[in-house]
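Step one of this worksheet: look at the structure below.
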Amino acid sequence: MSQLDFSTTLGNAWFPTPIFTASGCASSGKELAQFFDLRDMGAIVTKSIMTKPRAGRATPRMAETPSGMLNSIGLQGPGIDAFLANDLAWLVEQKARIIVSIAGETAEEFASLARRLRGVAGISALEVNISCPNVENRGMVFACHLESAQTVIEGVRRTIGGDLPIIAKLSPDVTDIVSIARGVIDAGADGLALINTVLGMVINPNTMRPHLGGRTGGLSGPAIRPIAVRAIYQVHEALPKVPILGMGGVSSGADAFELILAGASAVSVGTASFGNPTAIMKIQNELRQILTDKGFSSLREAVGFAHRPESSVR
Ligand code: SIN
């Protein structure tokens with residue numbers, strides 16, 4: 001029997017396997033590296049980095065919910081200078097494949113981050129996080145407004161230059177995700193990360209007040225997987241040539257397979273890693289087995305398979 005080709009691409013970036021970390025859930029990989037070799041997964045997607053160090057939102061910042069969790073981190077991070085000197089340098093030393101996620105308060109900040117990253121060796125792609133729900137001003141959720149989303153992506157594209165793939169990370173909290181997806185691709189993105197967390201809230205019945213310091217937070221975990229599958233399916237149907245990095249509640253190989261059938265070319269794992277730091281390896285092994293058992297000779301054959309007519313079902 002021929003070997004499964006498990007590799008994938010996002011724009012011109014090639015990855016030997018399709019399972020990545022999700023931005024924000026594994027920082028820059030140092031903690032995960034205690035459990036497995038970072039080179040054994042597709043790529044690490046770093047926590048979204050901003051121009052300056054940032055303390056993030058008030059605590060508490062997390063809440064467990066049925067089949068999910070809310071986070072209200074608020075883009076805490078060391079800022080681009082420390083990130084380049086410490087985190088990125090360390091990741092390059094590990095020979096990990098790296099997708100750097102960036103976030104800004106304005107389109108200019110995104111462009112200035114792109115300027116700092118231009119020509120830096122060892123980066124496979126840039127994730128442009130225009131969809132963090134944990135900001136005081138909803139106007140800053142660029143991915144909820146077509147023009148703002150396009151302005152950010154155009155600025156990053158112009159600044160970063162030709163070759164580095166740009167992956168725009170979109171929010172599910174919109175009426176028509178396909179129009180935002182089309183808009184950012186027209187503005188210069190090469191691929192899409194679908195989906196960021198879903199805006200939610202928990203009220204503590206004892207205090208009778210919102211539980212999270214930031215009041216609202218982003219819902220992740222298995223509870224949102226059907227939303228991710230729907231968003232990926234809709235976008236892949238409209239834009240079948242655009243590579244999608246899928247994410248949202250993946251905790252098994254079967255979950256990852258579902259996102260791939262919907263149209264994802266690679267899958268990020270986030271919340272599952274909090275409960276099991278080796279979840280990424282488990283999911284990757286399970287996915288490889290499922291693809292083999294289903295008779296696929298490559299991952300690529302399975303991408304978007306759910307869109308094919310019934311007659312082609314294996
Ligand atoms: C956060 O730092 O608040 C989460 C980032 C995100 O969901 O994009």
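All residue numbers refer to positions in the sequence shown, counting from 1. Remember, it's 1-based here, ligands and their atoms both numbered in the order they're listed.
In terms of N/O distances under 3.5 Å, ligand 1 is approached by N134. Considering backbone and side-chain atoms alike, K47 places an N or O below 3.5 Å from some N or O of ligand 1. Close N/O approach between S131 and ligand 1 is not found [any backbone or side-chain N/O within under 3.5 Å].
Side chains of M69 and S220 form a contact here, defined as non-hydrogen atoms less than 4.5 Å apart.
For the residue pair V235 and A181, the shortest heavy atom distance occurs at CG1-CB, 3.9 Å. Between A111 and G155, the shortest heavy-atom contact is CB-O, 4.2 Å.
Residue contact check: I73 has heavy atoms under 4.0 Å from atoms 1 (C), 2 (O), 3 (O) of ligand 1. Within the listing of ligand 1, atoms 1 (C), 3 (O), 4 (C) sit less than 4.0 angstrom from a heavy atom of N71. Shown in contact with L75 at under 4.0 Å from a heavy atom are these atoms of ligand 1, numbered in order with element: 1 (C), 2 (O), 3 (O), 5 (C).
Annotation: atom 8 (O) of ligand 1 to nearest protein heavy atom, N129 ND2, 2.8 Å. Ranking the protein heavy atoms by distance from atom 7 (O) of ligand 1 puts N196 OD1, 3.0 Å first.
Checked by atom type, the side-chain pair S72/R57 shows a donor-acceptor distance below 3.5 Å. Judged purely by distance below 3.5 Å, without hydrogens or angles, the side chains of S27 and E31 never pair a donor atom with an acceptor atom.
Shown are T197, N71, T216; of these, the side-chain hydrogen bond (donor to acceptor under 3.5 Å, both in side chains) with N134 is made only by N71.
Taking the six-membered ring where the residue is Trp, F20 and F15 present tilted rings, their angle falling between 30° and 60°.
Of the listed options P133, G74, C132, C132 places a heavy atom closest to atom 5 (C) of ligand 1.
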